[in-house]
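Report on one structure; see the data block that follows.
Naming: A, B, ... by sequence-line order, numbering from 1 per chain. Heavy atoms only: backbone and side chains are in, while hydrogens, waters and symmetry mates are out. This one's a predicted model, so the numbers in the text were calculated from it and none came from an experiment.
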Amino acid sequence: MSARGLWIDVEFCTGCMACEAACRQEHDLGPTEYGIKVVEQVLNGGQTFNYVPIPTDLCDLCARRVQQEGKRPACVHHCMAMVMEYGPLDALIEHMARRPRSVMWSPKPRPPRRPYEDLPGTTGE
Amino acid sequence: MSAKGQSEVKVVRSTTWSAGTGCHGGCGVELHVRDGRLLKVEGIAEHPYNLGTLCPRALALREYVHAPDRLLHPLIRRGPRGTDTWQQATWDEALELVEQRMTGVRARYGAESTLFVQGTGRDVGGWLVMLAYNFGSPNWMQSLPGNSCYHPRLLSMKIAMGDYVVPDSSQFSGKRYDDPAWRVPECYLVWGQNAVATCNDGLHGHWIVHALKRGSKLVVIDPNYNWLASRAAIWLPVRPGTDGALALGMLNVIINEGLYDKAFVRDWTIGFDELRTRVQEYPLDKVSQITWVPADKIAAAARLYAAGRPSALQWGVPIDFAPEGLTVALAINALWSITGNVEKPGGMVVARPAYGVTSYPMSQAAIEAMYGDAMPREQFAKRIGADRYPIVRDLHWRAQPDAVIDQIFSGKPYPVKASFIAGTNFVVGAQDPRRWRRAFESLEFNVVVDLFMTPTAMALADVLLPSSSFAERDGVRAWWSPLTSQNRALRVGECRSDAEICFELARRFNTKFQYATLEELYRFYLKPSGIGLEEVREKGWILPRAGSRELPYARHERGLLRADGKPGFETPSGKIELASSRMKAWGYDPLPSYTEPQFSPVSTPALAAEYPLILNTGSRSIAFFHSEFRNIPSLRAMNPEPLAQIHPRTAAQYGIANGDWVWIENQFGRIKMRARYSLVHPRLVLTQHSWFYPERVREDADFSAYEANGNELIPGGLHSKTGFGGAQVKSLLCRIRKVEERAP
């Protein structure tokens, strides 16, 4: 089986942040934690109204939800513009060919980096 | 019980609609609960309204439902109004006090002396009507000057077409975009609405995006360049407040170039010749001068719209916010009518509640049908504003808000002494907010119903009753389609739904109240449908039956729009009235026209020299709904501070850097907001609306109701002589300057 990923038609992403909120709920994240983050392209310091959702290191493509509940990832399911798709990367790449101004992601979770955790004198104890 | 000792997760299907998703509702949701906690909300993929999608506010429902600052118990004020001096009470104590005080006012001054006040149209307005009716007062009202949210547009459609129409996004079909009867609009005109940040009046904003993906060409009329404008084929950056002139200019092009649908105009409209004569007063060079939009762009937009087979049109509240909003809306009615886009797939279709179920009355007739014999005609005639405004008297179904405020101060023709306020925070949200607050402060007794402590509750409530989110409600809803059910998933604290609160009080106020339980009332609502309450609850939503009069298309040809069953429209002439016989009978201009706003660079050049920028208030944030949600951490993180958007070039003129705190001021006041560079019109400042700081509501002298509230800069009473229209909410004048930080 091909690795899975996300395809997003950013031409029609409105920056509504439903993906952020859906992910936050699904993974019980705090109010300012993100499993996916919407960023606006900035050109020459100005607005473009081009938004790109970017999965973070927390994104596991909703492995539990997908495998146990048979649902699409929470972000894909709730996207109001309906511009996100989940599937095998080799299938998603065909969307890329058909739709310019789209992106694909192949996320893989990794634990947060805590570079100073083990150093003495940094924990405040 | 599961192995971990926890109860099983219960999944309840329901429909959003209440304070607490913060919207006009309609989305189908699954609510996952366990042990009295909401674990998750999930959009229902097969639901025809939202197709599984949800917005960030709905997806933050857990935070909202279980927010630490939720009001959980009835509170009775023990100190003076405005102070944080509450005593927790039982429901019995609180309702007893409300009953005693309100019946006391009724005995002394008459039932009409008590107001029933709602905010925007959610699962509370219908309940307030029921309560008012059974109390005996004709004075239910919206807490907005000039009824300037949707009502000018609604009335324009009622007057011109006899029904309400909406753009057809396939929402009446269970197959949605796959329905072969539906067509993608070739042209989609969005007039004054940032639809990707909002869902209003039964329209899911992103349906427009879905149409774009399917190839609709977009025309955007908005002074500000936004997401939709960035995707538009044609964008018309109209000068705020001049939409009426723009609509007449577009009509001029369509009529003079012969681009209208001649057969439709001949068969289904009256008044075309008068309209043709009227639009000659609006040649494009003049319209261009008024609107600041180049003439060739107006012509191109008119041609693209007229050429669409079909064209859809979605309009926003800025139309209502013009003092002459009603006539602006009439002009836009004429646009879709003469182009023959009425009752066509992908055009404009008549919207009626599914199965004729009225859960939220939107006409006098609907109210009388529901509670008719509870109020004598002579009592109904005492509705405030009905003597002054014939449309209020003959067609509308609420008291006129500005006339109410005037009457509170004058006491004429009868005194106003008490109020029951639910689901509105008008101490922040009304224009001229301090005058509204003073008016209600002068009343003998105020009840406020809300989920959180608001400036309105702090300023006015003698009794504060805790209401609920939609997750805590039962009910049925038909606005417009499908017929849906709200099924309660949990209870929080002692909170009750608006329905439960109003129902209990209605029984107390009217000993002959005909319903013993809310379920009986829901069954009464459902009667025209022939569908049982259990069936709606079980299914969650039910689409109109094939062939029914709630389904488009071409109903005017089939005799499905008029009560008498004849072909045509439910107007006096049976046709769409481009020149309105009713407007004429009321003594108003039967045709659309343009009036320059009272305060503008054109009307008041001296004032404009002092205040050179246009104040465009009310930009929508996906994180908020009017004054709500600023206490919800994840949503506040999306929009932590009140934003004033300004073009970088304009900001540079005033020495304002991106992110500076700025004063925005005019002849009515000043407010403080955070400057945000954006591609708004260089001549204006675009501010968010109804900001207050929930974290300071109990401490600040003014509950932080005014500091960042655009309504501080807006006077009352600018509405047109019809009684409808806004106080130049989008088009007043202002200036802007940096807030100087004091040296440390």
**OP:** Apply the test side-chain contact (heavy atoms from CB on, under 4.5 Å) to residues A:Met80 and B:Ile622: give CA-CA distance (whole Å), side-chain angles for both, the deciding distance (0.1 Å), then the verdict.
**Re:** CA-CA 12 Å; A:Met80 289 204 289; B:Ile622 194 78; 3.9 Å; yes
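- Residues from residues 201-208 of chain B that place a non-hydrogen atom less than 4.5 Å from a non-hydrogen atom of chain A comprise B:His204, B:His206, given in numerical order.
- At a heavy-atom cut-off of under 4.5 Å, chain A is reached by no residue from residues 643-653 of chain B.
- The side-chain hydrogen bond (donor to acceptor under 3.5 Å, both in side chains) check on B:Ser634 picks up B:Glu63, with sequence neighbours excluded.
- The CG atom of B:Leu212 lies 11.0 Å from the OG1 atom of A:Thr14; values are rounded to the nearest 0.5 Å.
- Shortest non-hydrogen contact noted between B:Leu679 and A:Phe49 is CD1-CE1, 4.3 Å.
- In this structure, A:Cys19 SG and B:Leu59 CG are separated by 10.0 Å, a value rounded to the nearest 0.5 Å.
- Most heavy-atom pairs under 4.5 Å with chain B, from the set A:Arg72, A:Arg24, A:Glu20: that is A:Arg24.
- Taking chain A as the reference chain and counting heavy-atom pairs below 4.5 Å, the highest number among B:Leu39, B:Asn658, B:Val41, B:Ile632 is found for B:Val41.
- Of the listed residues A:Ala74, A:Pro31, A:Ala22, the one with more heavy-atom pairs under 4.5 angstrom with chain B than any other is A:Pro31.
- Heavy atoms from other residues, nucleotides or ligands lying under 6.0 Å from CZ of B:Arg676 number 12 at most.
- In this structure a side-chain-to-backbone donor-acceptor pair under 3.5 Å is missing from A:His78 to B:Glu42.
- Judged purely by atom type and a 3.5 angstrom limit, B:Trp227 uses its side chain to pair as donor or acceptor with the backbone of A:Cys13.
- With values rounded to the nearest 0.5 angstrom, A:Met17 atom CE is found 5.0 Å from B:Met638 atom CE.
- Contacts of A:Val76 with chain B are absent, with no heavy-atom separation under 4.5 Å from either backbone or side chain.
- Between B:Leu54 and A:Ala18, the shortest heavy-atom contact is O-CB, 3.2 Å.
- The part of B:Ser230 that comes within reach of chain A is its side chain, from C-beta onward, which places non-hydrogen atoms under 4.5 angstrom from that chain.
- Of the charged side-chain nitrogens involved, none lies within less than 4.0 Å of a carboxylate oxygen, so that B:Lys213 and A:Glu11 do not count as a salt-bridged pair.
- Heavy atoms closer than 4.5 Å to chain B are found in the side chain of A:Thr32, but not in its backbone.
- Taking both residues in full, the closest heavy atoms of B:Pro56 and A:Ala21 are given as CA-CB, 3.7 Å, listed atom of the first, atom of the second, then distance.
- Classification of B:Lys40 and A:Asp28 as a salt-bridged pair fails, no side-chain N sitting under 4.0 Å from a carboxylate O.
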Original post:
Stepwise, does the side-chain contact (heavy atoms from CB on, under 4.5 Å) test hold for A:Gln47 with B:Tyr677?
Top reply: CA-CA 9 Å; A:Gln47 278 181 293; B:Tyr677 282 10; over 6 Å; no
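- The local environment of CZ in A:Arg101 is sparse, with at most 12 non-hydrogen atoms from other residues, nucleotides or ligands closer than 6.0 Å.
- Formation of a donor-acceptor pair under 3.5 Å by the A:His77 side chain with backbone atoms of B:Thr53 is not found in this model.
- Contacts between residues 54-66 of chain A and chain B, counted as heavy-atom pairs separated by less than 4.5 Å, involve A:Arg65.
- Only the backbone of A:Cys79 comes within contact range of chain B, with at least one heavy atom under 4.5 Å from a heavy atom of that chain.
- With a 4.5 Å cut-off on non-hydrogen atoms, B:Ala60 does not touch chain A at all.
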